[in-house]
Each structure stands twice: as structure tokens, then as C-alpha cells.
*Asks:* 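To start, I am sharing the structure in question, which I have written as C-alpha cells.
By convention here, the first residue in the shown sequence is residue 1.
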Amino acid sequence: MSNNNSHPTPRIAILIEEGFEDSEFKVPYTAFQQAGAKVSVLGSGMNQTYQGQQGKVSIQPDGTTTEARAQNFDAVIIPGGSAPDKMRTNPNTIAFVKEAAALGKLIAAVCHGPQVLIEADLLRGRRATGFISIRKDMENAGATYIDEAVTTDGTLICSRQPGDLAIFTTAILSRLNLSISDQSLPDRNDSSAEWWQLAQAWGGSTRQEIINGLNQAMAGERYSQKAFKHYAEITTDSATRLVLLEIGEEKVSHIELLESRLRTLGEQLFLPAMAAGAFASFMNVLPAGDDMSILRQALGDIQTGVIDCFQLQVQFTDPVSTMIFSSIERDLAKAERRLARLYQERVGLNAPEPAQPTTPAGIV
């Protein structure tokens, strides 16, 4: 393991706090170690052991941002999770990051990591990305938010979520002229690269974990595709039937996307028994013609799917599967709004007429 240049081995600081996202620490940390870089983990307390929010990583820091000096490092990495929200309240951490930026050091933040950059006022006029939930915060801090796996702007590298980690880490390794023995690093713009394999080699999601996630989504979409077809058959409202059928057809395309990814990963396709069982358990319970109950049931199914797909979207270090989960989640969110509007309209139609005001006695 060696770096590609004649300069001293790069020195990298990874910032840590309680509740960091496990993979967003572990994948870069492992890759930098394999590349032979000098990696220092910096927290706010020397004697504290920090736990990842998934419970997979536990680590004690090598030092703290209080006594560390930015001039001694070539790069500062900020993982995400709930940790950055704690980091941003530590004036020593913010001062360390600001000093590193002023010295022209490479700053790399992933997921919620840009919250630290917001606090340090380092995003004004910069192209950057981060987790979708902090997009507005980043824009309010003066950044141009780019919805891409990795953005670079001068000495700033940003990424969105665990699915982007292999690309994010590769971009950092490339910028620091680091290589890993027996590993070929793809160009970060190569969409055909097997990024999940690289992430797995650095401690990210395994093939089986990714397959399990895809099968979980498959079970949900197959169940709800059958359910929505059933809802359409028993509703008496033509407008509701049309929407339910359209959503059901959309789920067919979701299933095809998931099946295609599973085949690419070499997995045999199957319908989990729990999906078929869950469908059968309610099929004869919902009364035909009770259009409001049908709408509420359909809306509840969609809302469950939105939550499940959002959770799957942030679990795995495979950009392709993450993209599929994200695409399904967006479709389901649109379907949720359509069903909600229908429900609101029906409630309005069925609401009793407001009482007419009466004229008090003696007033003409």
C-alpha cells in the first residue's frame, strides 16, 4: 500500500462525535488505512468512546479538536449521522475546521456533515451537496446545492448519503494522490463501475445485506400491487378506481427495477411468504363499496411504503440500489399526495351542510 507521489504520506483527520453514521466513518477510514495514509480520529473528549448510530462501530479518538492543529493535516473528513449537529455546537471543532479551510486544506463532508460547514460559514458561494433534509439549510447558508453523488469546489468535496460513499472516498483518494495495492479505483464519474464491491472491501454493505434490502422492498411492492388491484375492484367510485389502478401499474415498474437489480447481483427471484400472507389476511376484511375505508387503507399502505423506502435509501453503500429506493420513494410520495387529495375531496363532499344562522327575535 502506497501513495503515488514522492511527498510525505498524507495526514488525514476524521472528526467524530456521538451518533456518527457508522458506514460514513468506517468506509473512508478503512480506505485511508489501506492506502497507507496517517489517519487521526478527532473528537471533543479524549477519554470518551464514541458509538455509531447504527451500533456497528465504536471508537475512541486519537485526540481532540481542542489541542489538534489544522496545519498538521492535509485533509479533514466530516462523516454524517446525528454527530455533525453536536459538532457544530463545539467552538473548538468549528475553529479547527475554519483554520483548515483558511490554510487551503482539503475539506470533505458527507450526508449531514455539511452542517459543520454551515456553522463555520464555509458554504457561501460554493457548489456543494449533502443529505436532502439539509438542502434548504445549505442553500440558506449560501451554497448552490447540487443533487449529485459527489461535488467538488476547490478544496471542498461533498457527498449526499451512504450509497455515495465509495465514489466520495475515491474522489478523496484521487485528490490526495493515494492508491491501494491490488485495487483499481474507477473514475468517480463511471456509472458502470461496481461501486458496491469497492464499498464492501472498505467495510460497507455486503452483497447479502443489499440483496436483503432489495427483497424487503420487493415484498412491499408486490404486496401493495396486489392490494391496489383489489381496492380498484371493490370501490364504487370511478375516479378513485382510476387512481388506484394507475398507482398499481406504477408498482409493476418498481418491481421490474428491483428484479433487474437482484438479477445483476446474481440473486434468484422469489416472493417472500410474508407478502402473500399479509395480502391474504386482509383481502376479505375490507368491505366492498366502502369507498372512504378503501381510500384510507390505500393511503396507509402508501405511507408505510414511503417510510420503508426512505429508510432503505440510507442503509446501503450501493449507489444503484440507493437510486432505486430513492426513485420508488419519490413515486410513492406523489401517489400519497394524489390519494390524500381524493380523500380530502370525498370528506368535503360528505360533510354536513353548515347550519344557517338564525335571526334573533325582534330583529328584521
*Asks:* Using 30° and 60° as the class boundaries, would you call the ring planes of F131 and F310 parallel, tilted or perpendicular?
*Replies:* perpendicular

*Asks:* Report yes if some heavy atom in the side chain of E259 is under 4.5 Å from a heavy atom in the side chain of I255; otherwise report no.
*Replies:* yes

*Asks:* Report yes or no: do I118 and F20 belong to one cluster of Ile/Leu/Val/Met/Phe/Trp/Tyr joined by side chain heavy-atom distances under 4.5 Å?
*Replies:* no

*Asks:* Check for me, please, whether M87 and I77 land in the same ILVMFWY cluster - side-chain distances under 4.5 Å, paths through other members count.
*Replies:* no

*Asks:* Taking the side chain as everything from C-beta on, heavy atoms only, tell me whether S23 gets closer than 4.5 Å to L165.
*Replies:* yes

*Asks:* Rounded to the nearest 0.5 Å, how far does CD1 of I12 lie from CG of L176?
*Replies:* 5.0 Å

*Asks:* Do K105 and F73 meet the cation-pi criteria used here (NZ or CZ under 6.0 Å from the six-membered ring centre, within 45° of the axis)?
*Replies:* no

*Asks:* Under 4.5 Å between side-chain heavy atoms, hopping through other hydrophobics if needed: is there a path connecting W202 to I78?
*Replies:* no

*Asks:* Please report the interatomic distance NZ(K251) to CG(D331), rounded to the nearest 0.5 Å.
*Replies:* 9.0 Å

*Asks:* If you compare all heavy atoms of Q115 against all heavy atoms of P84, which two are closest, and at what distance to 0.1 Å?
*Replies:* OE1-CB, 3.6 Å

*Asks:* Nearest 0.5 Å, please: how far is CG in D187 from CD1 in I167?
*Replies:* 10.0 Å

*Asks:* Measuring only between side-chain heavy atoms, which start at C-beta, is V110 closer than 4.5 Å to D164?
*Replies:* no

*Asks:* Distance only, no hydrogens: is a donor on one side chain within 3.5 Å (strictly under) of an acceptor on the other, for E194 and W196?
*Replies:* yes

*Asks:* Is the closest side-chain donor-acceptor distance between D237 and T235 under 3.5 Å?
*Replies:* no

*Asks:* If you look at every heavy atom in A335 and I302, which pair is closest and at what distance?
*Replies:* CB-CD1, 4.1 Å

*Asks:* Has the side chain of Y29 got a donor or acceptor atom that lies under 3.5 Å from a matching backbone atom of I14?
*Replies:* no

*Asks:* Are F96 and L156 in one and the same hydrophobic cluster, where Ile, Leu, Val, Met, Phe, Trp and Tyr link if side-chain heavy atoms are under 4.5 Å apart?
*Replies:* yes

*Asks:* Under 4.5 Å between any side-chain heavy atoms of V97 and I94, yes or no?
*Replies:* no

*Asks:* Assess whether side chain to side chain donor-acceptor pair (under 3.5 Å) is satisfied between T65 and N92, documenting all intermediate values.
*Replies:* CA-CA 6 Å; T65 53; N92 298 314; 5.6 Å; no

*Asks:* Check the side chains of S224 and D301 for a donor-acceptor pair under 3.5 angstrom, ignoring hydrogens and angles.
*Replies:* no

*Asks:* Charged N to carboxylate O under 4.0 angstrom, R135 versus E139?
*Replies:* yes

*Asks:* Between Y231 and T240, is the side-chain contact (heavy atoms from CB on, under 4.5 Å) condition met? List the steps.
*Replies:* CA-CA 9 Å; Y231 299 152; T240 299; over 6 Å; no

*Asks:* Of the options K226, Q216, H254, which is the one that meets E221 in a side-chain hydrogen bond (donor to acceptor under 3.5 Å, both in side chains)?
*Replies:* H254

*Asks:* If only atom types and distance count, is the side chain of E209 paired as donor or acceptor with the main-chain N or O of T206 below 3.5 Å?
*Replies:* yes

*Asks:* Look at R160 together with D147 and state whether they make a salt bridge at an N to O cut-off of under 4.0 Å.
*Replies:* yes

*Asks:* Between W195 and R188 (side chain of the first, backbone of the second, donor and acceptor by atom type, cut-off under 3.5 Å), is there such a pair?
*Replies:* no

*Asks:* Would you please test L117 and K98 for side-chain contact (heavy atoms from CB on, under 4.5 Å) and show each step?
*Replies:* CA-CA 8 Å; L117 306 180; K98 291 179 77 169; over 6 Å; no

*Asks:* In the structure I gave you, are the side-chain heavy atoms of Q208 and I211 within less than 4.5 Å of one another anywhere?
*Replies:* yes

*Asks:* Report the residue from V116, L106, L15 that forms a side chain to side chain contact (heavy atoms under 4.5 Å, CB included) with V76.
*Replies:* L15

*Asks:* Judged by modelled atom types alone, do Q51 and E18 share a side-chain donor-acceptor pair under 3.5 Å?
*Replies:* no

*Asks:* Does the side-chain contact (heavy atoms from CB on, under 4.5 Å) test come out yes or no for S326 and R330, once each step is laid out?
*Replies:* CA-CA 6 Å; S326 178; R330 286 195 300 270; 2.9 Å; yes

*Asks:* Could you report the tightest heavy-atom contact between G104 and T155, atom names first, then the distance?
*Replies:* O-CG2, 3.6 Å

*Asks:* Under the side-chain contact (heavy atoms from CB on, under 4.5 Å) rule, what do F316 and F325 come out as? Steps first, then yes or no, please.
*Replies:* CA-CA 10 Å; F316 306 104; F325 296 140; 3.8 Å; yes

*Asks:* For the residue pair Q183 and Q34, establish whether any side-chain heavy-atom pair is separated by less than 4.5 Å.
*Replies:* yes

*Asks:* Closest heavy-atom contact between S44 and N90?
*Replies:* CB-ND2, 3.2 Å

*Asks:* Is it true that R69 and E99 have a side-chain N and a carboxylate O under 4.0 angstrom from each other?
*Replies:* no

*Asks:* Are I59 and V41 side-chain neighbours, meaning at least one heavy-atom pair lies under 4.5 Å?
*Replies:* yes

*Asks:* Under 4.0 Å between a side-chain nitrogen and a carboxylate oxygen: does that hold for E17 and K86?
*Replies:* no

*Asks:* Please name the residue in the list N212, T317, T322 that meets the side chain to side chain contact (heavy atoms under 4.5 Å, CB included) test with S205.
*Replies:* T317

*Asks:* Can you check whether D22's main-chain N or O pairs, donor with acceptor, with Q54's side chain at less than 3.5 Å?
*Replies:* no

*Asks:* Could you check whether atom NZ of K26 has more than 12 heavy atoms from other residues, nucleotides or ligands sitting under 6.0 Å from it?
*Replies:* no

*Asks:* Looking at R127, R126, R124, which hits salt bridge (Lys or Arg N to Asp or Glu O under 4.0 Å) with D153?
*Replies:* R126

*Asks:* Please answer: with hydrophobic residues joined when any side-chain heavy atoms are less than 4.5 Å apart, are I328 and L244 in the same cluster?
*Replies:* yes

*Asks:* Tell me whether D318 is salt-bridged to R207, with the criterion being a basic N under 4.0 Å from an acidic carboxylate O.
*Replies:* no

*Asks:* Taking it one step at a time, do D291 and T236 satisfy side chain to side chain donor-acceptor pair (under 3.5 Å)?
*Replies:* CA-CA 7 Å; D291 294 327; T236 60; 2.6 Å; yes

*Asks:* Has the side chain of R11 got a donor or acceptor atom that lies under 3.5 Å from a matching backbone atom of N72?
*Replies:* yes

*Asks:* Do T304 and Y223 have side-chain atoms, one donor and one acceptor, less than 3.5 Å apart?
*Replies:* no

*Asks:* So, T64 side chain and G45 main chain: donor-acceptor pair closer than 3.5 Å or not?
*Replies:* no

*Asks:* Testing the basics here: between A31 and I180, what is the closest heavy-atom pair and its distance to 0.1 Å?
*Replies:* O-CD1, 3.7 Å

*Asks:* Is any side-chain heavy atom of E21 closer than 4.5 Å to one of P79?
*Replies:* no

*Asks:* Is it true that a side-chain atom of T30 and a backbone atom of V27 form a donor plus acceptor pair closer than 3.5 Å?
*Replies:* no

